[in-house]
Trainee: 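This is the structure I want to talk about, given as structure tokens.
We name chains A, B, ... by the order of the sequence lines, and we start the count at 1 in each one.
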Amino acid sequence: MLKPSLPKGTRDFGPVEMGRRNFILETIKDTFRLYGFQALETPAMENLSTLTGKYGEEGDQLLFKILNSGDFLKKTHTVDFEEGAQAMLTKIAEKGLRYDLTVPFARYVVMNRNELSFPFKRYQIQPVWRADRPQRGRYREFYQCDADVVGTDSLLCEAEIVQMIKRVFQALGISDYTIKINNRKILTGIAETIGAAGKEQELCVAIDKLDKIGWEKVGEELKQRGFTDSSIQDLSPLVKKEFKDARETFGYLEEFLRGSVAGTNGVEELRLVFDFLSALGGSYENVQLDPNLARGLTYYTGAIFEVKVNNVAIGAVSGGGRYDNLTGVFGLPDVSGVGFSFGVDRIYDVMEELGLFGQTDQPPVQVMIAHFGLEEQKFGLGVVQQLRDRGVSAEIYPESAKIKKQFNYADKKGVPYVIVVGSEEMKTGILSLKSLASGEQEKMKIEEILSILALGKK
RNA sequence: GUGAUUGUAGCUCAGUUGGUUAGAGCGCUGGUUUGUGGCACCAGAGGUCGCCGGUUCGAGCCCGGUCUUUCACCCCA
């Protein structure tokens, strides 16, 4: 017999997990809709030509490729084997699983550019696949919850993103978190200011590790990447400075980036984002302007975000930024957009670690009807139907069994109420309603039970 | 992709320098209780020791490979 197993880095979600995941997903969806985003779904698989080259060389290796159907060796010749995997790939696979939701979205926008009215706001909640090596909080199949606005460069979008993040985390009961904001132009400005213009890519990769390995090691890495001692020297005060609030950070950055047009622009943009945030009635609580935030993604050009839950050893649970040329590779240039994404799987892990589930768990059904035999069960069917008609989720034990067994089932499943139907109850029409949590049991008319449970369901 | 690490009952884990029929707790099934779950007591079921191969008279234990888990790097949600 074959032992069943799952592919590496994938998981099943049982009933309890699904309840919790759906709670998170519904919260996110609600929020997206509340801000005027519309749903979009795209296929799990895309043409490989759509996917390759969009995530860098590393990304291409992490793509799951789909072997062509039928005789996949049809187009190959023996010499192809000698050419190596890279050359062979295009002949045996033309499709791949999506790696993120942004590229399929860009593809969709380009294909439907004439039908869409811009600015176009869409959200998309679907699994993505990466042939990564799994770790905690890192899977080969995981969900992304993206919301993007394309076709406008208004910084209001950035401010609304902050508001959406705050709403979601509040609804989920996560309070100790930080939304870090920076602007790619500020990073460009920093590179220019320290005399390393054009090396911002390297700067980002190194600076991103700051809270992980510390300034000293980052300095070493910068040196290895060809930064001069004086550049590193110049960078040092900015990195080491601890700002007490956004106002102070803005002041310092303005001074620091005085000589850089890009840098000054970046600061101005962020100021406007903060202005909009105030106008929306949002506080700066949980929001941190962090000039050292440097998300590696190559396509961000403006604001960048990252959300971390404090005191939990898991990476970012949300992130995003503005890109000026999302659709350019598909032949539609100059479409500015800004988007962000929640990592449900990580949010789940965080909430579990913080013990936030439990209060949010919903019972599988409100009430179960236990009975003593076929006649009693038939009587119970009438009751169960009435309950369902009133919108109360209810089930009746499907077979005749010892009452103890029926109670046991309800208890294990976590059903809060049990109604017992016996010959006495059938005669009088007065049923016993027992709360499994308290153990209290009361006799009352069906109508009364219906009212109590119908009230309780809200 | 590089370097480590893990795997014994459904779950969490014991298992002596390699030596008979591999154990515990929890869970599960049944009973004590044919109109009541949780608690208690009693009984019972359940294991190709991840998989394949090797060394050995003999392997859960040693060796190789493979899969899986976790971790660091790379990168990322």
Trainee: Does a salt bridge link R11(A) with E17(A), judged by any charged N lying under 4.0 Å from a carboxylate O?
Mentor: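 So R11(A) does not pair with E17(A) through a salt bridge.
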Trainee: Could you tell me how far C67(B) sits from G3(B) if I compare only their P atoms? Round to whole Å.
Mentor: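 Each nucleotide's P atom is 14 Å from the other's.
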Trainee: Can you tell me, in whole Å, how much space there is between the P of C71(B) and that of U6(B)?
Mentor: 14 Å
Trainee: Between P7(A) and S432(A), which is nearer to the 5' end of RNA chain B once each is assigned its nearest nucleotide?
Mentor: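 Its nucleotide being nearer the 5' end, the pick is S432(A).
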Trainee: Under 3.5 Å, is there a donor-acceptor pair between the T31(A) and R167(A) side chains?
Mentor: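 Per modelled atom types, T31(A) and R167(A) side chains form a pair under 3.5 Å.
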Trainee: I'd like the P distance from U29(B) over to U20(B), given in whole Å.
Mentor: 34 Å
Trainee: Distance only, no hydrogens: is a donor on one side chain within 3.5 Å (strictly under) of an acceptor on the other, for N408(A) and K412(A)?
Mentor: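 The criterion, which ignores hydrogens and geometry beyond distance, is satisfied for K412(A) and N408(A).
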Trainee: Provide a list of protein-nucleic acid N or O atom pairs under 3.5 angstrom, restricted to nucleotides 37-44 of chain B.
Mentor:
residue : atom : partner : partner atom : Å
G37(B)  : O2'  : D411(A) : OD2          : 3.1
G37(B)  : N7   : K434(A) : NZ           : 3.0
G37(B)  : N1   : L436(A) : O            : 2.3
G37(B)  : N2   : D411(A) : OD1          : 3.0
G37(B)  : N2   : L436(A) : O            : 2.6
G38(B)  : N2   : A437(A) : O            : 3.3

Trainee: Can you check whether F342(A) stacks with the A77(B) base, using ring centres under 5.5 Å and planes within 30°?
Mentor: no
Trainee: Could you go over nucleotides 8-11 of chain B and give all protein N or O partners under 3.5 Å, atom names and distances?
Mentor:
none

Trainee: I'd like the C1' distance from G44(B) over to U12(B), given in whole Å.
Mentor: 22 Å
Trainee: Nearest to the E424(A) side chain among G31(B), A72(B), G35(B), which nucleotide is it?
Mentor: G35(B)
Trainee: Between G18(B) and C74(B), how many Å separate the two C1' atoms, rounded to a whole number?
Mentor: 42 Å
Trainee: For the residue pair Y284(A) and F274(A), does the interplanar ring angle fall in the parallel (under 30°), tilted (30 to 60°) or perpendicular (over 60°) class?
Mentor: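 Perpendicular.
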Trainee: Identify the heavy atoms of L374(A) and S400(A) that sit nearest to each other, and give their distance.
Mentor: N-OG, 3.8 Å
Trainee: Send over the distance from F340(A) CZ to A77(B) C1', rounded to a whole Å.
Mentor: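 Rounded to whole Å, this separation is 13 Å.
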Trainee: F340(A) and F305(A): aromatic ring centres closer than 6.0 Å?
Mentor: no
Trainee: Could you run through RNA chain B and flag its stems, i.e. three or more consecutive Watson-Crick or G-U pairs with both distances under 3.5 Å?
Mentor: B:1-4 with B:70-73, B:10-13 with B:23-26, B:28-32 with B:40-44, B:50-54 with B:62-66
Trainee: Distance check, P atoms only: U8(B) and U68(B), in whole angstrom units.
Mentor: 16 Å
Trainee: Looking only at heavy atoms, which two atoms of L326(A) and A106(A) are closest? And how far apart?
Mentor: CG-CB, 3.6 Å
Trainee: When you measure from the centre of the six-membered ring of F227(A), is the NZ or CZ of K199(A) under 6.0 Å away and within 45° of the axis?
Mentor: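 Because its charged atom sits under 6.0 Å from the ring centre and within 45° of the axis, K199(A) does stack over F227(A).
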Trainee: Evaluate the side-chain proximity of Y99(A) to R130(A): yes if any heavy-atom separation is below 4.5 Å, no if none is.
Mentor: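 In contact.
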Trainee: Please report, rounded to the nearest Å, how far the C1' atom of G35(B) is from the NZ atom of K443(A).
Mentor: 9 Å
Trainee: By nearest nucleotide on RNA chain B, pick out whichever of G137(A) and E58(A) is the more 5' one.
Mentor: E58(A)
Trainee: Looking at G266(A) and K185(A), what are the two nearest heavy atoms and their distance?
Mentor: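 Scanning both residues completely, I find the closest heavy atoms to be CA-CB, 3.7 Å.
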Trainee: Is K209(A) touching bases, backbone alone, or none of the nucleic acid, heavy atoms closer than 4.0 Å?
Mentor: sugar-phosphate
Trainee: Can you see whether S336(A) engages D153(A) through a side-chain donor-acceptor pair at a distance of less than 3.5 angstrom?
Mentor: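 Side-chain D/A pair, S336(A) to D153(A): absent.
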Trainee: Can you say whether the rings of F342(A) and F169(A) are parallel (under 30°), tilted (30 to 60°) or perpendicular (over 60°)?
Mentor: tilted
Trainee: Which nucleotide wins on minimum distance to the side chain of Y139(A), given the candidates G35(B), A77(B), G3(B)?
Mentor: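 For the Y139(A) side chain, the nearest candidate turns out to be A77(B).
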